[in-house]
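What follows is a single structure, written as structure tokens, with notes after it.
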Amino acid sequence: MAEEIGTSPDEVQFRFRDGEPVDHAAVTVDSFLDQSNAAAVRIEPGDDARDLLPYLDRLALVEVNFPTFGDGRGYSAARILREAGYAGELRAVGDVLIDQLASMRRCGFDSFASDKRLDEDDARAAFDRWHDVYQPAADTRSPIWAKRHGRG
Amino acid sequence: MYLYDQYDQAMVDARVAEFRDQTRRRLEGKLSEDQFKPLRLMNGLYLQLHAYMLRVAVPYGTLSSRQMHALADIADRYDRGYGHYTTRQNIQYNWIRLEDAPDILADLAAVEMHAIQTSGNCIRNISSDHFAGAAADELVDPRPYAELLRQWSSFHPEFTYLPRKFKIAVIASDTDRAAMKLHDIGIQIVRNEAGELGAAFYVGGGMGRTPMIAPLISDFVPLDQLITYAEACLRVYNRHGRRDNKYKARIKILVHELGPDEYTRQVEEEFAHLLDQGVEPPLAELERVKGYFELPETLRYPGAGRDPALAESLDSDLRQNDDFRLWFERNTHSHRHPDHVSAVISLKPVGGIPGDASAEQMHLMADLAREYSFDECRVMHTQNIVLPHVRISDLRALWTRLEAAGLGSPNLDTIEDIIACPGLDYCSLANARSIPVAQKISQRFAASGRTAVLGELKLKISGCINACGHHHAGHIGILGVDRKGKENYQLLLGGSEAQDTSLARITGPGFDEDGIVGAVEKATDVYLANRAEGERFLDTYRRIGMEPFKEALYG
């Protein structure tokens, strides 16, 4: 049995999807690839998110860990999963801070469980900061160029 | 030039609000300095030795007179009455208070400017050819492509915490005036055999402690896939660039360790995937942006040759005044329209601080841009200012006003036209001062009259191994190091940032501050004794090699 890791639903402070937070203990990517009956997995910065692509249907929760907020590999991991059609919960965990929330949301994260509880008002302001965006990403927002050319 | 629409304006306004909020949380103690640091860096705010420094973005170096006036006002209101133009075609202010930074950003936003991503581990200000849109030798104006990349890279959600900083340059001429191959990504707009425009991508160049010349990884990316290809280059880097050692974190190390072929293979694979992801703006957006860079009506149709009346007027001005003639010969560049030239305003007065301009000088340059250059000026990566479109019959009047303001130095591309980083006078990373060395060299060569004899000679000084002063790319480079607690200067020879890109080599043991000035002089002695007809310093060095120089310096 793989060692269970990951966050619990009460640690999820912000969530942008219907239904209850997924309550499966996550396993590491290595463990997941070994046993592969787990429904939740945790990606560390050095893991290759593409290793999970054959199993996306089976997954209800992917946690992406940010051991330090300055390590941006998790943003690519999130987009890669969404681009491949992953529709389950994508949870940012670890050193997740106010000023990274908006970018994380754009890369496809829909659930946030920071190490430290975040100021509710500051976080809401951060999520709502950008009325428009310059580039398409893993969210559904139309980029500015699409609006300029009547595609937004 | 490019003008913001309501979307662009809303983005910079939102950024001002965001940074005001971040500063408030920092001052309230809700953000630690460690948490705040990358946020302020992404707004161009550095902590230097004595105060905060604010670096303002000048996308591809282009400014209107209104923007230049605003930069002067900021120097007056929030700094000590001057600013410093940088090698990324930006401007930085050295004496800023943290509390004032949000107000400065608001002042900038009022003139369609910002400090977004001028520092930090993100995609930096996109630089370009300072003669873009004017040069007789260019294929097209490269700036619309740079603007497209500016918008794509601004607040890019995936690439805000890269392994390290990331610099992109775009040119569209075989003559490289932007050090394109010494960038993380260098793009040259080219035409293929079918007559279509596209982008050649050079990836993995850079200076710093491990200088490298970027290899070509794609010779032709179609224009309707340009952004997608850049996104693929960045994603491979964000995922696989080294994060264990900040000195090995630039993309040049990744490309070098993987090898250009393997890096290219990974990019092509990611590119094939991203082509289905809809990240590319439509060509209509490129066309919209291009519209802003259309030349003024009078410059659009060059005609057969120079207007004889204008030519005579210029000739007469040149005959009457030798100082003006020297400035004309040194500081102007041929324009696609024969009745015009691009005129360079030197920020390298003899004994001055390279790249510095006072608020009064900035106001004057703004006025001159409006009166003589269709309201436009440019910052050069060599820390000078260009008036891109000056009618030849206006040059004498322009020069007269520049002279009166101490801005008429006729020294473009000479040994006095030194690139220098701020060095230990300002920078907390520096090991040695750069500015006094630059001052002494320009004084020595101006006084001896040797500047004129030497012709083109590009000298570049960095105060530490991070190479902000581009010493690797100098025909003569100087690197300041710390040697047992004393400032020491190494001499390098043979670098070039032009289309013949090369990296300079160290001559041998370093020199003290006075010694390095003498060493530069000796290197020029060797050149003068050996040069063949028509050879620049760099050409002679390449022909005769390092040995004769070593012999003179250490023999």
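Order of the sequence lines fixes the chain letters, A, B, ..., with proteins taken first and strands second; residue numbering starts at 1 for each chain. Both backbone and side-chain heavy atoms feed into the values below; hydrogens, waters and symmetry mates do not. Quick caveat, the model's predicted, so the values are computed rather than measured.
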W145(A)/H149(A) aromatic ring centres below 6.0 Å: no
Donor on one side chain, acceptor on other, E262(B) and Q266(B), under 3.5 Å: yes
For P281(B), which atoms come within 4.5 Å of any heavy atom of chain A: side chain, backbone, both, or neither? both
Where does T160(B) contact chain A at under 4.5 Å (heavy atoms): side chain, backbone, both or neither? side chain
Proximity breakdown for H240(B) and chain A, heavy-atom pairs closer than 4.5 Å: neither
Chain B contacts, top residue of A49(A), G74(A), C107(A) (heavy-atom pairs, under 4.5 Å): C107(A)
May I ask you to name which of A78(A), A126(A), G70(A) has the most heavy-atom pairs under 4.5 Å with chain B? G70(A)
Below 4.5 Å, heavy-atom pairs only: which of P163(B), S154(B), G241(B) has the largest tally toward chain A? S154(B)
Between chain A and each of P157(B), A10(B), S153(B), P38(B), count heavy-atom pairs under 4.5 Å; write down the option with the most. P157(B)
Test of understanding: with side-chain hydrogen bond (donor to acceptor under 3.5 Å, both in side chains), list the residues that count as partners of R129(A), not counting sequence neighbours. D21(B)
Looking only at heavy atoms and a cut-off of under 4.5 Å, which of D132(A), D139(A), D122(A) has the most pairs with chain B? D122(A)
Y263(B) (side chain) donor-acceptor with C233(B) (main chain) under 3.5 angstrom: yes
Between Q151(B) and Y2(B), do the side chains contain an N or O donor and an N or O acceptor separated by less than 3.5 Å? yes
Identify which part of R288(B) has an atom lying under 4.5 Å from any heavy atom of chain A, answering side chain, backbone, both or neither. side chain
Indicate yes or no: does R239(B) engage E158(B) in a salt bridge with an N to O separation below 4.0 Å. no
Structural part of L234(B) lying under 4.5 Å from a heavy atom of chain A: neither
Taking the six-membered ring for Trp, is the centroid-to-centroid distance between F166(B) and F159(B) below 6.0 Å? no
Below 6.0 angstrom between ring centroids: does that apply to F293(B) and Y60(B)? yes
Assert top hit (heavy-atom pairs under 4.5 Å, partner chain A, pool Q22(B), R15(B), R243(B)) equals R243(B)
Check whether the side chains of S103(A) and Y75(A) place a donor and an acceptor atom closer than 3.5 Å, and report yes or no. no
Could you look at E280(B) and say if it's the side chain, the backbone, both or neither that has a heavy atom under 4.5 Å from chain A? backbone
Taking R42(A) for the side chain and A25(A) for the main chain, is one N or O donor matched with an acceptor at less than 3.5 Å? no
Output the residues of residues 79-88 of chain A for which the shortest heavy-atom distance to chain B is under 4.5 Å, in residue-number order; output 'none' if no such residue exists. R79(A), I80(A), E83(A)
E287(B) versus chain A, heavy atoms under 4.5 Å apart: side chain, backbone, both or neither? neither
Specify which of S76(A), A138(A), G46(A) makes the most heavy-atom pairs with chain B at under 4.5 Å. S76(A)
A14(B) versus chain A, heavy atoms under 4.5 Å apart: side chain, backbone, both or neither? both
side-chain hydrogen bond (donor to acceptor under 3.5 Å, both in side chains) involving D5(B) - partner list, sequence neighbours excluded: R148(A)
The interface call for D8(B) against chain A, heavy-atom contacts under 4.5 Å, is both
So which part of I227(B) gets closer than 4.5 Å to some heavy atom of chain A, the side chain, the backbone, both or neither? neither
Residue pair S119(B) / R55(B), side-chain donor-acceptor N/O under 3.5 Å: no
D13(B): which residues meet the side-chain hydrogen bond (donor to acceptor under 3.5 Å, both in side chains) condition with it, sequence neighbours left out? Q9(B)
Counting only N and O atoms by type, is there a donor-acceptor contact under 3.5 Å from the side chain of N121(B) to the main-chain atoms of Y161(B)? no
